Number of protein chains: 2
Amino acid sequence: MPSASLSSAKQKEAANKEITETEQNMNIIEFEPVGRRGECPENESLLDSARHLDVDIVRLCNGVGACGRCKVQIVTGEVSPITAKEKEVLTKKELERNYRLACLTRALGNVKVHVPPESLTAPQRTQVEGLELDVAPEPFFQSVSVELAPPTIENQLADETNLLDALNRAGADARSFDLEALRRVSPLLRAENWRARVAVRDGEVIAVENVNIRWCGLAVDIGTTKIAVYLVDMESGKTLASKGLMNPQISYGEDIVSRISAASRSAESADKLQALLVEALNEAITSLCTEAGVDRNGIVDAVIVGNTAIHHLFLKIPVNQLGLAPYVPALRAEIDVKARDLGLEIAAGAYIHLLPNIAGYVGADHVAMILGTSIAEASGVTLAIDIGTNTEICLNNRGEMASVSCASGPAFEGAHIKHGMRAASGAIEHVRLSGDQLAIQTIGGAPPAGICGSGLLDVAAQMRLNDVMDSSGKMLPHPMVRVREDGMKEFVLAERPGKEDITISQKDIRQLQLAKAAIRLGIRALVEEMGIVESDIDEVIIAGAFGTFIDVESAITIGMLPPLPRERFRQVGNAAGTGARLALISLNERRKTAAMAARVRYVELAAISEFNHKFAASSAMTML
Amino acid sequence: MPSASLSSAKQKEAANKEITETEQNMNIIEFEPVGRRGECPENESLLDSARHLDVDIVRLCNGVGACGRCKVQIVTGEVSPITAKEKEVLTKKELERNYRLACLTRALGNVKVHVPPESLTAPQRTQVEGLELDVAPEPFFQSVSVELAPPTIENQLADETNLLDALNRAGADARSFDLEALRRVSPLLRAENWRARVAVRDGEVIAVENVNIRWCGLAVDIGTTKIAVYLVDMESGKTLASKGLMNPQISYGEDIVSRISAASRSAESADKLQALLVEALNEAITSLCTEAGVDRNGIVDAVIVGNTAIHHLFLKIPVNQLGLAPYVPALRAEIDVKARDLGLEIAAGAYIHLLPNIAGYVGADHVAMILGTSIAEASGVTLAIDIGTNTEICLNNRGEMASVSCASGPAFEGAHIKHGMRAASGAIEHVRLSGDQLAIQTIGGAPPAGICGSGLLDVAAQMRLNDVMDSSGKMLPHPMVRVREDGMKEFVLAERPGKEDITISQKDIRQLQLAKAAIRLGIRALVEEMGIVESDIDEVIIAGAFGTFIDVESAITIGMLPPLPRERFRQVGNAAGTGARLALISLNERRKTAAMAARVRYVELAAISEFNHKFAASSAMTML
């Protein structure tokens, strides 16, 4: 290569610079995927280096190796030897994969560190986290660049015929035009000197742009509470930018049932519920396009997932029947609709693809999770749980698949918990109790303002481990348990002079108990349906924003998750978002979903035998 | 049949009634297709009976058998014997087909009379007249009535899956849903006790209605000046109602070039030009549905034709390039667009089909005319002319087809003629001159208000026949020719005391000359292209509202049409409208149009050799 010598010179220059830095006992530490990088003194822990570089890693025990929450993975570079404490806290698998506790590890040179989402405090985590995509892009459309011969008085070719001929000569199978795409053809060809870049989808020309356009796609996971939006380059399959936002429908009720009622009552509300979503998405698209420096007219495909009700509300198809027995969807099959029919401001001829639903309460987001976790392809016994306001669970028992939906409620989002709040600054997210020694960690290290879902799980587990609560969930006498004037017991998490103390009441515990019982009952219903037992499960995949950041040990302690060895659990982030991105970039993946949805047997929780008895059994606040 | 005796009794009763009437020397005369019927005295002429029943038949010579304009066809019943005068005026073919002059014919019993459009005065003629359709309906969609099993808690079928299953069991090949159709499914199934009537188009469910819905279609011919709208029953293929209306785009200019300029100059004008059409069509749909007693949600298909510019303006695709050399269309191919994308208020999931264009000035209406006249299937040499503001002509020379477009201008619509007016009450529509004896007939017999296109042709021909004008079009001395103060000669058609006289000036004659020369040049260009001569033409089909009502003899006299035997001419009414209806009701007919459009060679008039010389030669106001 002619530039070899130059490259080599540059490398040497870089090497010299590194040597200089090393002589000053400074290392360059890079934290992924947050993308922070800087010089840090050699003698400080990776946890401290992270703090210097504004990477907010959890530090519950304040850096003494006790809480085990600051796990990081060493990607490249040399670090201090492993400590006895780490060998105790980390699993064998984690040690094999170069996991360390950041508080007990120092860099011995330039180091690249991967921070898993569960080790970050909430503000740096978003609901857009998910697995990296490792499928080859195989978009749903063909991209063709063409140059045309202008028409003459002797050869009065229509612009459309001229363009179709050129496309077909270039190997595209173009047969028709979207009306909006067609409207752009004549002026564009003349402005761009008869050159164009064209997107052809299933024989239909859906976009005609200048030759520099970058074709992008949009993957969207609309949750009851939160929305994750990904802007993806359709050629490379890489995510160019992503964004998490609140679902603005929340003004119609935090739970989905309120929104179903609202939309059923009046057409205006149904219109508004749809418009709210579309407005929020259009704003997100604007900001993502600005961030990535791309033209929204180049967004030629979109995959959108959500639970069945959200899916229906977004399409503005009736939801009335979702709220009434037998709770059937209006639409189960996958569907392609023109983006403009829903008001989404992307390429005017683009379609939006919505993955299929499975049942009234197991929707397209569940199908996306199945796709995103690859659970359908697992060979043993695999369970995948997407914890949210509604929790959907899928079990693949050696090829036989069933799913269930549990109304876990919004307790994990902080609702119906007196001092509950979302994972925002000041929320207590991690708690340790040892006798009467209480350690709390708030998001961003801010003064405590409330307690979020993962904190709630931690509190309950710590109370149980320290005998502040019995297995029925009843609070027991303890220095931190007090009785309010109304007779209600509460556990004090933070005293705030001049302000109401932050507490967890007996009532709050009952709320948590309902939520966790619903989830555990769901797991058990599936296991029973398959005629196996929980210990047969080889792997538990925990998906979803909330699930990613919970302490699995805490969840096991209170009986929300089955007591399996820690290694069997995998927290994968927003798997529904990952599935949506897979279906976006790969035709092959997209085509799997219809069969996938048809293959999953829906288990109606309300129809299982001895429901009440089993629900009660699942409520026990103990490992069971 | 059990009801035979009853029917028989009724027939007898009717017969008795008829006898009674005959005894009073009254006959029941029925005029078709106007649909008037009533008792008339036996001794009056059919022309007078028509007047009594408000059927406005042309009576230029006031009923003395001289003008030959009151031709009618006797369908059933006995009439007075044929007169010598009629044998002279009517062709052999007409006599064979029971044509008579209404003024010289009396009924000898109950008679049914067909009044051809050219014998009606303008107010009872509309641009919706056309040939009867004789193809078997073969709609573009399947109609399926289904009854579903409601879902249960054990069988939670989605409504869409439930409906698709039922459709496919009933033999429909339904694979997907239009979004708007889908939005109706769930409430409709519940309201209609799980029964529905469904329209499936190419695998897509486009309408879901109650089982009593009547599926209709819409055929529309949008002319530069007038619009014809037909509401058709898709099962029987019968036209339920039809309506002629003005093209409201006329506010942007009478000629198409002004509208092309307006739409090219500003997007707002382009929007408005489209909206004007759609509003007018939506109003027409409302009134047609009311008239026919059908639900507009049952209108599941539409075929729309117009010239290339109108076609583009209706689709709101750019027209700029139509106004600039080399005058190419943005779109040539046929296209299907969702009605809602254009704002047409028919079934929400319906498509609109636009027939293909041929060139920038030979549009979908010409293709429709080719279809409507069956000229493509003619075996000899056939010419079809659609006279309008723009005149398109097609020649089929034993299977080889070519078309041409001539800018005949709006003279026939009354524009650019000093006393010109449209065919409305008071317009002079027929003129006879014999020496200095002038007979005029106005529409509706009203006091003369101006002169319309057919009147203009008649005046020129009569002036020529009476040597009031020479072959160059120059007016000669004559008692009715006077010279105005500005030196301009004019022929006085009607003196109006206290009002300006109605005249035809030398300048008006020049306008007519330009128009007729353009048409004749077009005919000659086609004939020359094929290497034949005009006398080789076996048949001349004259289509279009104006063409239907002209006096062919007059047109031949001034050299607008070639001097062929009168029998070779056929006036067929709105053939483009007929073609649109054919393409609407028959998939087979619709499928012919793409090949038809591709088969027609477009002859560019501006590109023919010695254009100026040939144009001048075509201007001669004489049989040539």
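Here is the naming used below: chain letters follow the sequence lines, and residue numbers restart at 1 for every chain. Just so it is clear, the model here is predicted, and its values are computed rather than measured.
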Of the non-hydrogen atoms in B:V328 and A:A158, which two are nearest, and what is the gap between them?
-> CB-CA, 4.4 Å

Where on B:L331 is there a heavy atom nearer than 4.5 Å to chain A: the side chain, the backbone, both, or neither?
-> both

Could you please show the donor-acceptor pairs under 3.5 angstrom between chain B and chain A, with distances rounded to 0.1 Å?
from, atom 1, to, atom 2, distance (Å)
B:Q156, NE2, A:E604, OE1, 2.8
B:D159, N, A:P329, O, 3.0
B:E160, N, A:A330, O, 2.9
B:E160, OE1, A:R332, N, 2.7
B:E160, OE1, A:A333, N, 3.3
B:R183, NE, A:L315, O, 3.0
B:R183, NE, A:K316, O, 3.1
B:R183, NH2, A:L315, O, 2.8
B:L315, O, A:R183, NE, 2.9
B:L315, O, A:R183, NH2, 2.7
B:K316, O, A:R183, NE, 3.1
B:P329, O, A:D159, N, 3.0
B:A330, O, A:E160, N, 2.9
B:R332, N, A:E160, OE1, 2.7
B:A333, N, A:E160, OE1, 3.3
B:R340, NE, A:D341, OD1, 3.4
B:R340, NE, A:D341, OD2, 3.4
B:R340, NH2, A:D341, OD2, 3.0
B:D341, OD1, A:R340, NE, 3.4
B:D341, OD2, A:R340, NE, 3.4
B:D341, OD2, A:R340, NH2, 3.0
B:E604, OE1, A:Q156, NE2, 2.9

So what's closer than 4.5 Å to chain A heavy atoms on B:L342: side chain, backbone, both or neither?
-> side chain

Got A:I317 and B:V185 here, is their nearest side-chain heavy-atom distance under 4.5 Å?
-> no

